[in-house]
> 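Got a structure for you, written out below as structure tokens; questions coming shortly.
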Amino acid sequence: MPAKGKHRRPKHHPITRKLALAGTGSAALALPLISATTAGAAEAKAAPVAVKAAPAVEKAAPAAAKAAPMTYSVVSGDTLSKIAAEHSVGGGWQKLYEANRSIVGADPSVIRPGLRLNLTAAAPAAGTAVRTAAAKVSTGYANNLDGWIRESLDVMAQHGIPGSYEGIHRNVMRESSGNPMAINNWDSNAAAGIPSKGLLQVIDPTFRAYHVPGTPQDSYDPVANITAACNYAAARYGSIDNVNGAY
């Protein structure tokens, strides 16, 4: 581009001069015939200039409003397990209890009417629910007594702990009737401050001593409770299958 204020000197095209005879005979006049060379015959059209469109300015998405915590007021007859199921709490009653331990207290099987539980705090982080659901589909364990026993048997097989489905089921039904939140508050263990808990009614010291890696450190967790109890029964009786009464 020429500098501002200066003018470009016009470019002269080479001219080819030829003579053409006008008229007839010797009196014909010689007239110059002017023709432009091929390169300058017509004024070249200016090449179109591509105009780059300005990038669209994206509007910033408004920040999502912070959701208010969701709470639930406990009514008579409620259990953490029931509340977790009705409100689809990821992680079940264990997660709900963990999020509200300071409100509920040391015993998750006892919740008083009027307590306000924080359900939002118990919700899993984004994507957790999807991963948990996918894991259940891939493993095939149902979230019930049948699924807990089958998952425990798989963990036991990995650690060489003996036991059968029938042996576990028989003892579970005698000890807790299949209630993972069952707790014994009246026997000598309860009097000593270490009540028997869970599906197979294990006291905390025994649970800690025979806890099997890969299961939660929670004696109320169904799989952890069954597996620890079977590990204890194997050490003392050879197998949970050999247990037919209080152990």
> To the nearest 0.5 Å, what is the distance between CG (Leu153) and CE (Met156)?
5.5 Å
> Are Val110 and Tyr220 connected in a single hydrophobic cluster, I mean Ile/Leu/Val/Met/Phe/Trp/Tyr linked by side-chain heavy atoms less than 4.5 Å apart?
no
> Taking the side chain as every heavy atom from C-beta outward, state whether Thr206 and Arg236 have any atom pair closer than 4.5 Å.
no
> Check the side chains of Arg170 and Asn244 for a donor-acceptor pair under 3.5 angstrom, ignoring hydrogens and angles.
yes
> Would Leu119 and Ile83 count as a side chain to side chain contact (heavy atoms under 4.5 Å, CB included) here? Give the steps.
CA-CA 9 Å; Leu119 302 183; Ile83 297 169; 4.2 Å; yes
> When rounded to the nearest 0.5 angstrom, what distance separates CG in Asn100 from NZ in Lys95?
11.0 Å
> Could you go through the side chain to side chain contact (heavy atoms under 4.5 Å, CB included) check for Asn225 and Trp148 one step at a time?
CA-CA 10 Å; Asn225 187 282; Trp148 302 330; over 6 Å; no
> With no hydrogens and no angle check, is any side-chain donor or acceptor of Gln201 less than 3.5 Å from a backbone partner on Tyr247?
no
> What is the ring orientation for Tyr232 with Tyr237, classed by angle as parallel under 30°, tilted 30 to 60°, or perpendicular over 60°?
perpendicular
> Under 4.5 Å between any side-chain heavy atoms of His159 and Pro213, yes or no?
yes
> Show the nearest heavy-atom pair for residues Ser219 and Lys197, with the distance to one decimal.
OG-CD, 3.6 Å
> Is a side-chain N or O of Asn231 found less than 3.5 angstrom from the main chain of Thr227, in a donor-acceptor match?
no
> To the nearest 0.5 Å, how far apart are CD1 in Ile240 and CD1 in Ile226?
9.5 Å
> Have a look at Leu117 and tell me which of Thr71, Asp78, Val74 forms a side chain to side chain contact (heavy atoms under 4.5 Å, CB included) with it.
Val74
> Identify whether Ile161 and Ile149 are in the same connected component of the hydrophobic contact network (ILVMFWY, side-chain heavy atoms under 4.5 Å).
yes
> So, does Asp204 use its side chain to make a donor-acceptor pair with the main chain of Ile194 at under 3.5 Å?
no
> If you compare all heavy atoms of Ala224 against all heavy atoms of Pro216, which two are closest, and at what distance to 0.1 Å?
CB-O, 3.2 Å
> Can you label the angle between the Tyr97 ring and the Trp93 ring as parallel, tilted or perpendicular, going by 30° and 60°?
tilted
> Between Asn185 and Pro195, what is the shortest heavy-atom contact and its length?
OD1-CB, 4.2 Å
> Of all heavy-atom pairs between Thr215 and Val155, which one has the smallest distance, and what is that distance?
CG2-CG1, 4.1 Å
> Indicate, with yes or no, if Val212 and Tyr210 share a hydrophobic cluster defined by side-chain heavy-atom contacts under 4.5 Å among Ile, Leu, Val, Met, Phe, Trp and Tyr.
yes
> Are Met181 and Met173 linked, directly or through other ILVMFWY residues, by side chains that come within less than 4.5 angstrom of each other?
no
> Do Ser239 side-chain atoms and Asn242 backbone N/O form a donor-acceptor pair below 3.5 Å?
no
> How long is the span from the CG atom in Asp146 to the NE2 atom in His169, to the nearest 0.5 Å?
8.0 Å
> Could you walk me through whether Leu80 and Ile111 pass the side chain to side chain contact (heavy atoms under 4.5 Å, CB included) check?
CA-CA 8 Å; Leu80 291 180; Ile111 53 174; 4.0 Å; yes
> Of all the heavy-atom pairs spanning Val202 and Ala229, show the shortest one and how long it is.
CG2-CB, 3.7 Å
> Quick one: do Arg150 and Asp154 make a salt bridge, cutoff under 4.0 Å?
no
> Would you say Cys230 and Ile168 make side-chain contact, with heavy atoms under 4.5 Å?
yes
> A quick test of your reading: do over 12 heavy atoms of other residues, nucleotides or ligands sit less than 6.0 Å from CZ of Arg112?
no
> Going through the distances and angles, do Val172 and Leu145 end up as a side chain to side chain contact (heavy atoms under 4.5 Å, CB included)?
CA-CA 9 Å; Val172 164; Leu145 181 57; 3.9 Å; yes
> Check whether Asn184 reaches the backbone of Ser196 with its side chain - one donor and one acceptor, N or O, closer than 3.5 Å.
no
> I need the minimum non-hydrogen distance between Leu199 and Pro222, along with the two atoms involved.
CD1-CB, 3.7 Å
> Verify the cluster assignment for Ile183 and Leu96: are they in a single hydrophobic cluster under the rule of side-chain heavy atoms below 4.5 Å apart?
yes
